[in-house]
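This report refers to the structure that appears directly beneath it.
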Protein chains: 2
Amino acid sequence: MAGGRVTVIDIAKAAGVSKSTVSLVLQGSPLVNEGTRVKVSAAMRELGYVYNRGAATLRQTGAKSKIIGVVVNDLTNSFFAELAVGVDMVVQSAGFVQFLSNTSESIDRQREVIASMREHGISGLIVSPARATEAADFKPLVAAGIPVVVAVRSLPGAKVSSIVSDNHEGTAAAVRHLASLGHRRISFLGGFPNTAVFAERLTGYRDAVVEVGLGFDDELIVSSAPSRAGGADAIARTMAMGNPPTAAVCFNDAVAFGVCDGLRARGMEPGRDFAVVGFDDVIEAQTAVPALTTISVDPQGMGRRAAQLLLKQINAGKVEAENVTAAVRLVVRESCGAAQRKSREELA
Amino acid sequence: MAGGRVTVIDIAKAAGVSKSTVSLVLQGSPLVNEGTRVKVSAAMRELGYVYNRGAATLRQTGAKSKIIGVVVNDLTNSFFAELAVGVDMVVQSAGFVQFLSNTSESIDRQREVIASMREHGISGLIVSPARATEAADFKPLVAAGIPVVVAVRSLPGAKVSSIVSDNHEGTAAAVRHLASLGHRRISFLGGFPNTAVFAERLTGYRDAVVEVGLGFDDELIVSSAPSRAGGADAIARTMAMGNPPTAAVCFNDAVAFGVCDGLRARGMEPGRDFAVVGFDDVIEAQTAVPALTTISVDPQGMGRRAAQLLLKQINAGKVEAENVTAAVRLVVRESCGAAQRKSREELA
DNA sequence: TGACATAATTGGAACGTTCCAATTAATTGC
DNA sequence: GCAATTAATTGGAACGTTCCAATTATGTCA
């Protein structure tokens, strides 16, 4: 059975050539005669040869391991699963293979995972960082010349490439849409204020709100945990104030769902009595009742672009940080009160 | 910057010992003196040493690579994403690292991916096979002594371990539940008849239907694509017959959603006019309207068990196929008409 | 024919680690 | 105080590959 594995020497012997020649055909060199090439290939098939990439990588100076690491903070969230699929697509067709790990927002786990990946000689890393990640955490990587692309969540001072969705434009579009529906008091609900994503989405809101001629009112900003429960909490606090808003753009879809819950608890129907817009366009957004109007970012496309960015850097050898922002688009469904109730046709 | 990487020899020199000693501390051998151990460790930290697992694996006879491969047919489906997370958990805490790839149901892709993993020297493989996978596809793996665990979809004649959900018991439980609600004509809708999963779920249905004293009626079995569209189609054909059923257990949740669509198209409300039960308990099942009564399988738990199974085999050295079936449970929500609607009845 | 270019092949050395047998240093027994 | 034991350490050799310089075979030109 598992007798000694068959090596390049075995097949050299079988084909009556030297191991060097075998190596040459392995890498498709034009130096080798057509006749010997087929002879060698036949022997490989015959003996069931499997290439030992580890040995090859060891010999080659440098780190051309054909492995790229992917680290996401929550694979359970379909947004990140899609992201990983996008990465896998392009990485795979470039002849690389993907090391994927999930950190569950644990920074310790993230450190372990990245260390392990380094030991395995990854030639690049795509990471959607766990919450408390600091820019310095990637210092050793870039010092070792390993390209890093940070995705989804931007990392303030890090000297690495990044790809994030256009948070600013997203919330701005949401505000413009709500204003066009006649809303004059629009809230911004949910999210932890000390994160980069929050800051970006908030300034998008703020800029748009003055752009359309509504004044900016501090009172209308109500932060909370970026979760369903957080949303319910935020809307409760919001509606308790003197001059409550009639619409809200939410930090993300989870918050938006919570806001809907909270509205119903006060006897108000989202979409009819109050307009709600989310952010992310998670799958549930289309099937929920009412279907959620939200800002859609294409996670799979984002994964693909992240991978392309990384591969470019790997091939270039030169590591030069590049920051790209992915376009987003407003998807109008029911929760903003604008549309026709026919969300279901989107599903096919 | 990226000057030659620091090796075990460099740190040996720095610590004033031999490379052998360094290797010893690397593997935590008790043979090395405490004093030298700290000296060496210090040097490692100082010089920023990173272990080269590839070189180590090369030296060690055998394939102890500390890499395990995970191949899923559709990572976009949250069921499989959860599965992967479960695998990652236990694999990770056992000091292994996960190579995850997505095949998108492409058998060619699957072959490529597995070949690539072999080249990288995986010490085990967990795979949820793409649709047309044949048992023979894993022959080379097991011949090479690489443990394989097939998950979710069983592979008829393969001599590998497997973990599948208890399909038989699942549909049986659904039938019993519907019968207890008074239904006398219960359909089985959707799914491709030529798959193992279909066969298991169907016999579960069939056995239960005679067990509760309803006769088995061929007419009540209507197959279709295992998708939302397929479900809509199946229910249309079903309701067109002479003596239509009043309830259906569906091949999976997607089919069940399609059945709901189809019912509404005929002016019937699922849960009130017709009972629907799904299978899988995808996330949308809880948020849909009406919330879907379904058979829940815990994909993350399944992933964990698959990983445990695999690790056991890796450690045992002996490869001995073992087949386990994971328990399922009926989750009663609204679509079967049993539960009282909470707050959403106005949509009807 | 000899000189020379070109095509194809080849033996060793190297990559960073672990293993083995062997060496040295420290400790014990009597 | 010397053999015997134990504790620490060590220098190669080896893993399977690729690279390099060197070699052999083949063809070309006056």
Side-chain angles (χ1 to χ4, degrees), chain A residues 2-41 43-44 47-67 118-123 144, chain B residues 2-41 43-44 47-67 118-123 144:
Chain A
R5 65 192 293 122
V6 22
T7 94
V8 86
I9 298 190
D10 296 320
I11 82 116
K13 218 168 300 179
V17 295
S18 80
K19 57 184 163 53
S20 303
T21 306
V22 177
S23 174
L24 255 11
V25 342
L26 238 23
Q27 24 200 159
S29 164
L31 272 65
V32 49
N33 183 301
E34 192 53 29
T36 46
R37 183 197 306 287
V38 305
K39 218 166 40 183
V40 169
S41 306
M44 294 201 297
L47 302 190
Y49 171 73
V50 344
Y51 184 65
N52 186 331
R53 221 168 263 277
T57 310
L58 176 57
R59 179 55 175 89
Q60 278 149 317
T61 21
K64 354 203 64 182
S65 65
K66 292 298 191 179
I67 301 179
R118 276 199 75 184
E119 295 185 352
H120 283 284
I122 52 169
S123 42
Chain B
R5 64 193 293 122
V6 23
T7 95
V8 86
I9 297 191
D10 297 320
I11 81 117
K13 218 168 299 180
V17 296
S18 80
K19 58 184 162 52
S20 304
T21 306
V22 176
S23 174
L24 256 10
V25 341
L26 238 22
Q27 25 201 159
S29 164
L31 273 66
V32 49
N33 183 303
E34 192 52 28
T36 46
R37 183 196 305 287
V38 306
K39 216 167 40 181
V40 168
S41 306
M44 295 202 294
L47 303 189
Y49 171 73
V50 344
Y51 185 65
N52 185 333
R53 219 167 264 277
T57 309
L58 177 58
R59 179 56 175 86
Q60 276 148 319
T61 20
K64 355 202 66 180
S65 65
K66 291 300 191 179
I67 301 181
R118 277 199 74 185
E119 294 185 353
H120 282 285
I122 53 170
S123 42

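Numbers restart at 1 for each chain; the letters A, B, ... are given by sequence-line order, proteins then strands.
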Point to revise | Base versus backbone protein contacts along nucleotides 16-25 of chain D [heavy-atom cut-off under 4.0 Å; B, S, -] | key: BBBB------
Would you compute the distance between atom [atom1] of [X] and atom [atom2] of [Y] and round it to the nearest 0.5 angstrom?
{"X": "B:Ser23", "Y": "B:Ile11", "atom1": "OG", "atom2": "CD1", "result": "10.0 Å"}
{"X": "A:Leu24", "Y": "A:Thr36", "atom1": "CG", "atom2": "OG1", "result": "9.0 Å"}
{"X": "A:Arg5", "Y": "A:Asn52", "atom1": "CZ", "atom2": "CG", "result": "5.0 Å"}
{"X": "B:Met44", "Y": "B:Tyr51", "atom1": "CE", "atom2": "OH", "result": "11.0 Å"}
{"X": "B:Ile67", "Y": "B:His120", "atom1": "CD1", "atom2": "NE2", "result": "7.5 Å"}
{"X": "B:Ser41", "Y": "B:Leu26", "atom1": "OG", "atom2": "CG", "result": "9.0 Å"}

Point to revise | Any residue meeting side-chain hydrogen bond (donor to acceptor under 3.5 Å, both in side chains) with A:Arg118, in chain and number order, not counting sequence neighbours | key: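 By the side-chain hydrogen bond (donor to acceptor under 3.5 Å, both in side chains) rule, A:Arg118 matches no residue at all.
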Just the atom pairs and distances: protein N or O near nucleotides 23-27 of chain C's N or O, under 3.5 Å.
none

Check your understanding: C:dT9 phosphate, OP1 or OP2: any side-chain N/O from A:Thr36 under 4.0 angstrom?
Key ->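 Yes, because at least one side-chain N or O of A:Thr36 sits under 4.0 Å from OP1 or OP2 of C:dT9.
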Exercise for review: Quick one: closest heavy-atom pair of B:Ala43 and B:Ala14, and the distance?
Suggested key: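 In this case the closest contact between B:Ala43 and B:Ala14 is CB-CB, 4.3 Å.
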